[in-house]
Protein chains: 2
Amino acid sequence: MKKSKKDICEIAYVDRKKVVSVEKKMKDEPTIQLLAETFRALGDPTRVKIIFALSQEELCVCDIANLLGATKSAVSHQLRVLRNMKLVKYRKDGKMAYYSLDDIHIKNLFDECLRHVEEM
Amino acid sequence: MKKSKKDICEIAYVDRKKVVSVEKKMKDEPTIQLLAETFRALGDPTRVKIIFALSQEELCVCDIANLLGATKSAVSHQLRVLRNMKLVKYRKDGKMAYYSLDDIHIKNLFDECLRHVEEM
DNA sequence: AAAACAATTGAACATTTGTTCATCTATGCG
DNA sequence: CGCATAGATGAACAAATGTTCAATTGTTTT
């Protein structure tokens with residue numbers, strides 16, 4: 001059995017019209033990657049807690065670590081992941097770094113997911 | 001240097017009032033886990049494409065595989081991840097399985113993330 | 001009944017991920 | 001200055017993840 005027929009299904013479209021229609025609207029690869037990376041950045045319990053905490057208060061790394069019972073190092077690593085995806089921002093004040101959500105969209109995103117989860 | 005002081009910061013709260021306030025509002029562990037699992041389920045390029053495709057049309061596994069240039073097996077595995085998190089649902093029609101987004105919240109969630117990504 | 005096909009599933013494998021540990025920078029204070 | 005602290009970072013290691021391959025289930029067709 002050839003892969004092209006059996007696994008990839010290259011030839012036998014069930015509904016070619018729908019497939020072509022979706023194909024045309026499909027987002028480009030860089031956008032897909034960014035979407036996936038953004039969701040993945042949110043896809044970890046520690047980072048979810050950080051996002052929730054920052055949706056309530058602006059906090060420094062040390063207080064986030066306290067709150068979560070995690071090390072500052074672990075929190076710092078996770079904050080970088082969130083920073084890379086522009087989910088959180090920070091301001092420096094002396095040797096402290098105060099983190100908060102980057103913008104209102106992040107809270108909307110989080111709340112929408114919370115609503116989904118609470119309906120499960 | 002002891003971990004409890006240096007890494008965990010158990011004693012030295014920078015702003016205890018804020019920490020305690022957030023602590024009280026913090027979601028419980030099962031909710032945190034579900035949020036993380038839901039975001040993680042969306043955090044993969046293949047699954048992002050599937051979600052986008054299903055936001056446009058109801059599709060069978062074979063057509064999704066065609067659309068993505070992936071094997072039916074890979075798609076089926078990914079659909080199970082999405083199904084487990086109630087992100088997609090399906091109806092059986094003979095030997096076909098037609099998939100679609102589970103509810104409107106999923107599209108909202110996805111669109112909100114798309115908006116964030118397009119502002120980056 | 002037998003063959004064909006859509007879909008699912010488990011095992012295996014390489015890759016990715018999250019935490020810990022150690023180290024480093026930079027700021028504040030005695 | 002000298003030292004403690006907040007935070008960042010790289011290496012390393014265990015755990016989780018995504019795809020492929022092979023086999024299986026259930027349905028339709030001949």
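Just so it is clear: chains get the letters A, B, ... in the order the sequence lines come, proteins before strands, and each one is counted from 1. The structure displayed is predicted, hence computed values, not measured ones.
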So, OP1 or OP2 of D/dG7: does either fall under 4.0 Å of a side-chain N or O from A/Lys72? no
Set of side chain to side chain donor-acceptor pair (under 3.5 Å) partners for B/Lys25, sequence neighbours left out: A/Gln56
Do B/His77 side-chain and D/dT20 base share a donor-acceptor contact under 3.5 Å? yes
Any residue meeting salt bridge (Lys or Arg N to Asp or Glu O under 4.0 Å) with B/Glu119, in chain and number order, not counting sequence neighbours: none
Tell me: CG of B/Asp63 to P of C/dA6, nearest whole Å? 10 Å
Partner residues of A/Leu34 under the side-chain contact (heavy atoms from CB on, under 4.5 Å) criterion, sequence neighbours left out: A/Met85, B/Val117, B/Met120
Can you list every ring-ring contact (aromatic ring centres under 6.0 Å, His included) pair that touches residues 16-38 of chain B, not counting sequence neighbours? none
To the nearest angstrom, how far is B/Arg47 atom CZ from C/dT16 atom C1'? 13 Å
Without swapping roles, check the side chain of A/Arg47 against the backbone of A/Ala41 for a donor-acceptor pair under 3.5 Å. yes
Rounding to the nearest 10°, end axes of the helix from C/dA1-D/dT30 to C/dG30-D/dC1 built from five pairs each make an angle of 20°
A/Gln78 CD to D/dG7 P, in whole Å, measures 16 Å
Taking donor-acceptor contacts at under 3.5 Å, does the side chain of A/Thr71 reach the base of C/dC21? no
Is it the case that B/Glu37 and B/Gln33 place a side-chain donor and acceptor less than 3.5 Å from each other? no
For A/Tyr90, what residues pass the ring-ring contact (aromatic ring centres under 6.0 Å, His included) criterion, not counting sequence neighbours? A/Tyr99
Can you name the residues that form a salt bridge (Lys or Arg N to Asp or Glu O under 4.0 Å) with B/Asp15, not counting sequence neighbours? none
With sequence neighbours left out, the residues meeting side chain to side chain donor-acceptor pair (under 3.5 Å) with B/Glu58 are B/Arg91
Residue list, side chain to side chain donor-acceptor pair (under 3.5 Å) with A/Glu112, at least two apart or on another chain: A/Arg115, B/Asn108
Residues in side chain to side chain donor-acceptor pair (under 3.5 Å) contact with A/Asp103, at least two apart in sequence or another chain: A/His105
DNA chain D-proximal residues of residues 79-98 of chain A, any heavy atom under 4.0 Å: A/Arg80, A/Arg83, A/Lys95, A/Met96, A/Ala97
Could you check whether the side chain of A/Ser73 and the base of C/dT19 have a donor-acceptor pair of N or O atoms closer than 3.5 Å, going by distance alone? no
For B/Tyr99 and C/dA6, is the shortest distance between a side-chain N/O and OP1 or OP2 below 4.0 Å? no
Tell me which residues in residues 30-46 of chain B lie within less than 4.0 Å of DNA chain D, going by non-hydrogen atoms. B/Arg40, B/Asp44, B/Thr46
